[in-house]
2 protein chains.
Amino acid sequence: MEIEPTKSELEILQVLWHHGPSTVRFVNDKLNEQKRAVQYTSTLKLMQIMAEKQMLTRDESQMKHIYIPLIEEGQTKEFLLEKFVDNMYNGSSSSLVMQLLGNKKTSKEEISELRALLDEFDKNNA
Amino acid sequence: MEIEPTKSELEILQVLWHHGPSTVRFVNDKLNEQKRAVQYTSTLKLMQIMAEKQMLTRDESQMKHIYIPLIEEGQTKEFLLEKFVDNMYNGSSSSLVMQLLGNKKTSKEEISELRALLDEFDKNNA
DNA sequence: TTGTTCGTACGAAATTTTTCCTACCTTTGT
DNA sequence: ACAAAGGTAGGAAAAATTTCGTACGAACAA
């Protein structure tokens, strides 16, 4: 993995990962709903660039091109998370989680969820 | 908190947080040791800009100015982590931790560390 | 004293990322 | 047929970030 999506590229990838292959129009609408105001041609341009970079591919058989992510969600996020942990917490995952637990915005539900995950993990790795 | 350090700014902040108030020379040396080749004047410029932005302040009483972080480590990292979780995992911390657990690079030690953290947390919040 | 080293200031340039204008083509509705 | 709506392509510009050259003063060593 040598591909590091920029902030805006990641926004687009999220839409495609979440909703599957989509037109530019669809992605642009989602961004405007969920994120911020952005012109159609800006999104178009970015997605074209992403296709050049081999981050996406597209089906041009119809006039409305369908864009398809070429990089896999889990793999990409794992890569980005690893970089984040390295940069911010000197590679220590537990430091990150400690920060998470100290964060007021992390809800009780999230925390019991965390505990369940860890139990599950232990069970499978006993 | 409205201050969002850039990638390079964060590198500088990490040095200052870790080593305390420092000269440009010191920070630049650390960056070259730990990160990548970068000219002295580049680091200088960046730290001057950060001072303008009120991210740092400096003691100019000596010729070698001493730069001091104005934003707090924990608070800043919490903010950045929250944004990361929002952007990448739609705000779900447990999704992030799940990714962490699935990551081969997360060691067994890290995981028992995690479990200990969670136990500790529960004890204090029973 | 004099030259070398080390510091800051400043401006400009290079790079990266993001945004949008314009042109032009296709589809659709009247 | 024709206008309106919606599509892509491409270039340029804007914005954000990063890098560095040059000038010049202070400290220091010979």
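Excluded from the calculations below are hydrogen atoms, water molecules and symmetry mates; all remaining heavy atoms, backbone and side chain alike, are included. Each chain gets a letter, A, B and so on, in the order the sequences are listed, and its residues count up from 1.
The CD1 atom of B/Ile49 sits 11 Å away from the C1' atom of C/dC10 (whole-angstrom rounding). Rounded to an integer number of Å, the gap from CG of A/Leu44 to P of D/dG7 is 10 Å. Computed from coordinates, the B/His65 NE2 to D/dG25 P distance equals 15 Å when rounded to whole Å. Between B/Leu46 atom CG and D/dT17 atom P there is a gap of 11 Å when expressed in whole angstrom units. The NZ-C1' distance, from B/Lys45 to C/dA12, rounds to 9 Å in whole Å. Rounded to whole Å, atom P of D/dT17 lies 14 Å from atom CD1 of B/Ile3. The CD atom of A/Glu60 sits 11 Å away from the C1' atom of D/dA9 (whole-angstrom rounding). Taking atom CD of residue B/Glu4 and atom C1' of nucleotide D/dA16, one finds them 12 Å apart after rounding to whole Å.
Side-chain atoms of A/Ser61 and A/Asp59 form a donor-acceptor pair, as typed in the model, at a separation below 3.5 Å. Using a 3.5 Å distance cut-off with no hydrogens or angles, the side chains of A/Lys77 and A/Gln14 do pair a donor with an acceptor.
Contacts of residues 6-40 of chain B with DNA chain C (heavy atom under 4.0 Å): B/Arg25, B/Tyr40.
Annotation for A/Glu60: atom CD counts as buried by contact number, over 12 foreign heavy atoms lying within 6.0 Å. For NE2 of B/His19, the number of neighbouring non-hydrogen atoms (other residues, nucleotides, ligands) closer than 6.0 Å is greater than 12. Residue A/Lys64 places its NZ atom among 12 or fewer non-hydrogen atoms of other residues, nucleotides or ligands, all under 6.0 Å distant.
Salt-bridge annotation for A/Glu4 and B/Lys7: present, with a side-chain N of the basic residue lying under 4.0 Å from a carboxylate O of the acidic one. The pair B/Arg115-A/Asp119 counts as a salt bridge, with a side-chain nitrogen and a carboxylate oxygen less than 4.0 angstrom apart.
In this structure the side chain of B/His65 never reaches within 4.5 angstrom of the side chain of B/Met47, judged on heavy atoms.
The side chain to side chain contact (heavy atoms under 4.5 Å, CB included) with A/Ile3 is formed by just one residue from the set A/Met50, A/Met55, A/Gln75; it is A/Met55.
Dashed line: the shortest gap from a side-chain N or O of B/Arg58 to OP1 or OP2 of C/dA9 is under 4.0 Å. Between C/dC10 and B/Gln48, no contact under 4.0 Å exists linking OP1 or OP2 to a side-chain N or O.
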Close N/O contacts between protein and nucleotides 22-28 of chain C (under 3.5 Å):
none

